[in-house]
Structures are given as structure tokens and as C-alpha cells.
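Working notes, structure below.
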Amino acid sequence: MLKVKAIGFRVHVKPDPVEEVTQGGIILAKNKVREQAEISKGTVVDIGSLAWKNALYGHGTEGWEPWCKVGDRVFYSKYAGKMLIDSEDDNNVILVLNDEDIHCLILEDGKEEVLDDGHQ
């Protein structure tokens, strides 16, 4: 089993599983499945100790907190990071991303997040 720990400003994301069969029943080729994995949604599984701890991100200012936490669902850059695939289990995939490659949180339906400046 693949065991890795995020270090520095890295964030580990488990990508969402990719559909191997379309709604119409067409079986997708393996390379097409990998292309669809670039949809760029996943779940944060580990965060390095330096992630978002840069003055550009407001670190050190009052009210600062990391952009996301382990377990959060996120959108990330399409071609970002390094894909790690477990040699024993092809379905165990982890993406190693830079903190800046996380673009936004995916919120549950019906929930709103209020930003510090009062915008929703």
C-alpha cells in the first residue's frame, strides 16, 4: 500500500473516481479514463506544514487560517502536480500539488461561505 506524507507547501489530494462507462453504456478506453481524471475535483488527504504559510496568503495577520483542511472537497489546477499510483492497487491514486494549485472549496448544496470582506 502506498504511504506518503505531505511536506513543505505540498497538499495531497485524492482525485474523484472516474467513470469508466458513459451513461449510454459505452466503455471508455483506459487512456480516455485517465484524461477524464483531469476534471480536477478531489478530497484533501494531507497538508504539508508550510502550506499557505506565506505573507502573500495573509499568514501572520489577524484572522488568518489555511484555505482548506483534510477532508475538504476542492477543485485544483488541471495539469498541476505529480500523480502517484500505488503499484499494488491502480485505484489508489494521490496527487501531490503545490498549495497554490488548490483553487476553491466545493461546498455542500445549500451552504454558503461568507468571506472576510462580507461577500458571499
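With sequence neighbours left out, the side-chain contact (heavy atoms from CB on, under 4.5 Å) criterion links Trp52 to Val11, Ile47, Tyr57, Trp64, Pro66, Trp67, Cys68, Asp99, Ile102. Here Asp72 pairs with Lys69 under the salt bridge (charged side-chain N to carboxylate O under 4.0 Å, His left out) rule; sequence neighbours left out. Leu84 pairs by the side-chain contact (heavy atoms from CB on, under 4.5 Å) definition with Leu2, Val4, Lys82, Val96, not counting sequence neighbours. For the side chain to side chain donor-acceptor pair (under 3.5 Å) test, no residue two or more places apart in sequence or in another chain qualifies with Asn54.
Rounded to the nearest 0.5 Å, atoms CG (Asp101) and CZ (Arg10) are 9.0 Å apart. Taken to the nearest 0.5 Å, the CZ atom of Phe75 stands 8.5 Å off from the OG atom of Ser40.
Pairing each heavy atom of Lys5 with each of His12, the nearest pair is C-CE1, 3.5 Å. Pairing each heavy atom of Val13 with each of Val45, the nearest pair is N-CG2, 4.3 Å. Residues Ala6 and Gly48 share a closest heavy-atom pair of CB-N, 3.4 Å.
Proximity of Val74 to Lys41: side-chain heavy atoms (C-beta onward) are nowhere separated by under 4.5 Å. Proximity of Ile85 to Met83: side-chain heavy atoms (C-beta onward) are separated by under 4.5 Å at one or more points. Contact check for Asn92 versus Lys14: side-chain heavy atoms found under the 4.5 Å cut-off.
Each of Phe9 and Val70 belongs to its own hydrophobic cluster when Ile, Leu, Val, Met, Phe, Trp and Tyr are linked at side-chain heavy-atom distances under 4.5 angstrom. With hydrophobic clusters built from ILVMFWY side chains whose heavy atoms lie under 4.5 angstrom apart, Val44 shares a cluster with Leu107.
The salt bridge (charged side-chain N to carboxylate O under 4.0 Å, His left out) analysis of residues 45-64, with sequence neighbours excluded, yields no pairs.
For Asn98 (side chain) and Glu100 (main-chain N/O), no donor-acceptor pair under 3.5 Å exists by modelled atom type.
Other residues, nucleotides and ligands place no more than 12 heavy atoms under 6.0 Å from the CD1 atom of Ile7.
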